[in-house]
Amino acid sequence: MTDIKELLLSRIRDVADYPEPGVMFKDITPLLADPAAFTALTDALAEIAESAGATKIVGLEARGFILGAPVAVRAGLGFIPVRKAGKLPGATLGQAYDLEYGSAEIEVHAEDLVADDRVLIVDDVLATGGTAEASVQLIRRAGAEVAGLAVLMELGFLDGRARLEPALRGAPLEALLTV
């Protein structure tokens with residue numbers, strides 16, 4: 001696992017003062033542009049999906065789509081996008097959550113998840129955990145089981161894990177990298 005961590009870290013670029021002064025943005029676009037690194041990431045996340053017994057992958061808008069869709073294909077599972085409110089046509093199920101300044105809402109197509117689904121949530125970064133926590137609540141409200149959460153990178157200093165662990169109720173939270 002050390003080799004994959006080194007490969008992934010070597011392809012993540014730090015961008016200072018983005019999107020605002022004082023923030024060090026972790027840019028994954030160089031990783032996505034490198035087929036060896038992107039394949040290694042996809043394989044690692046697909047292994048997590050298989051070990052969790054997932055039947056579907058949920059990807060969180062927007063980079064969770066980029067990571068989650070190839071993981072679903074690799075693992076032979078269905079892919080379900082969780083989008084910002086108002087972006088999905090037809091009947092949806094929504095979940096509101098609080099942000100540092102204000103609130104937001106995410107949605108999923110109501111019929112895409114069923115009671116016998118075991119869902120692995122995939123995203124690029126675990127920061128404060130607000131969107132991930134809302135997605136856990138949304139999946140459960142749809143009647144499915146949360147098999148776990150897998151992210152490329154956890155920003156440990158933001159303490160999202162502490163926020164999420166009670167919501168996960170023992171389901172695993174896997175971060176390939178912690179910075």
Side-chain angles (χ1 to χ4, degrees), residues 1-12 26-83 95 106 108 112-140 142-179:
M1 189 64 145
T2 302
D3 289 341
I4 187 174
K5 287 182 180 186
E6 290 173 8
L7 173 62
L8 298 175
L9 276 172
S10 74
R11 301 303 188 274
I12 297 171
K26 299 294 187 182
D27 181 14
I28 69 166
T29 58
L31 187 156
L32 300 174
D34 180 327
F38 196 15
T39 298
L41 172 59
T42 300
D43 289 347
L45 292 172
E47 287 176 22
I48 293 169
E50 290 167 10
S51 70
T55 61
K56 293 207 174 126
I57 301 293
V58 155
L60 304 182
E61 189 166 338
R63 289 178 297 268
F65 297 173
I66 297 168
L67 303 185
V71 168
V73 170
R74 179 65 46 92
L77 305 174
F79 176 78
I80 311 296
V82 168
R83 304 229 37 207
Q95 181 68 45
I106 54 174
V108 67
D112 287 346
L113 294 169
V114 296
D116 61 349
D117 281 328
R118 287 184 45 81
V119 179
L120 179 70
I121 303 160
V122 172
D123 205 4
D124 64 329
V125 174
L126 172 60
T128 62
T131 306
E133 183 181 35
S135 70
V136 166
Q137 295 166 346
L138 185 60
I139 290 163
R140 288 202 180 111
E145 181 182 346
V146 176
L149 172 73
V151 295
L152 164 60
M153 184 176 11
E154 178 179 352
L155 304 179
F157 61 93
L158 292 176
D159 218 17
R161 182 176 291 267
R163 177 179 183 167
L164 265 178
E165 284 180 335
L168 286 169
R169 299 182 198 155
L173 193 169
E174 302 279 348
L176 298 177
L177 305 171
T178 302
V179 295

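All figures in this text were calculated on a predicted structure; none of them were measured in a lab. No hydrogens, no waters, no symmetry mates; every other heavy atom, side chains included, goes into these values.
Expressed to the nearest 0.5 Å, how far CD1 of I106 lies from CD of E61 amounts to 10.0 Å. The line from CG of L138 to CG of L113 is 7.5 Å long, rounded to the nearest 0.5 Å. Atom-to-atom distance recorded for T42:OG1 and L67:CG is 7.0 Å, nearest 0.5 angstrom. If you take CG on L158 and CZ on R163, they are separated by 11.5 Å, rounding to the nearest 0.5 Å.
In this structure, A167 and R140 approach most closely via the heavy-atom pair O-NH1, 2.6 Å. Nearest heavy-atom pair, A44 versus L176, reported as atom, atom and distance to 0.1 Å: CB-CD1, 4.0 Å. When every heavy atom of F157 is checked against every heavy atom of V179, the shortest pair comes out as CD2-O, 4.0 Å. Residue A144 comes nearest to V119 through the heavy atom pair CB-CG2, 4.0 Å, listed as atom of the first residue, atom of the second, then distance. Taking every heavy atom of both residues into account, A33 and P35 meet most closely at O-CD, 3.4 Å. Here the closest non-hydrogen pair linking A75 and E50 is CA-OE2, 3.9 Å.
For the side chain to side chain contact (heavy atoms under 4.5 Å, CB included) with F79, the lone residue among I57, D112, V73 that qualifies is I57. The side chain to side chain contact (heavy atoms under 4.5 Å, CB included) test with L164 is passed by exactly one of L149, T128, I121: L149.
For the pair V58 and V108, the minimum side-chain heavy-atom distance is 4.5 Å or more. Within the 4.5 Å cutoff, the side chain of M153 has no heavy atoms near those of the L126 side chain. Residues V151 and V122 are not in side-chain contact: their nearest non-hydrogen atoms beyond the backbone lie 4.5 Å or more apart. Two residues are said to be in side-chain contact when any heavy atoms from C-beta on lie closer than 4.5 Å; L152 and L41 meet this criterion. Put simply, the side chain of L120 does not reach to within 4.5 Å of the side chain of V146, judged on heavy atoms. Considering only heavy atoms from C-beta on, K56 stays 4.5 Å or farther from L77 through its side chain. Side chains of I12 and P30 form no contact here, defined as non-hydrogen atoms less than 4.5 Å apart. Put simply, the side chain of D124 does not reach to within 4.5 Å of the side chain of I66, judged on heavy atoms.
Surrounding CZ of R63 are at most 12 heavy atoms belonging to other residues, nucleotides or ligands under 6.0 Å away.
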Practice item. I would like to know whether L60 and F65 meet side-chain contact (heavy atoms from CB on, under 4.5 Å); could you show each step before the answer? Key: CA-CA 6 Å; L60 304 182; F65 297 173; 6.0 Å; no
Review point. What do the steps show when you test E154 against V125 for side-chain contact (heavy atoms from CB on, under 4.5 Å), and what is the final call?
Key: CA-CA 6 Å; E154 178 179 352; V125 174; over 6 Å; no
Exercise for review: Would you please test T55 and D116 for side-chain contact (heavy atoms from CB on, under 4.5 Å) and show each step?
Suggested key: CA-CA 9 Å; T55 61; D116 61 349; over 6 Å; no
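For the pair S10 (side chain) and L7 (backbone), a donor-acceptor distance under 3.5 Å is present. Within the 3.5 Å criterion, the main-chain N or O of L31 finds no donor-acceptor partner in the side chain of D34.
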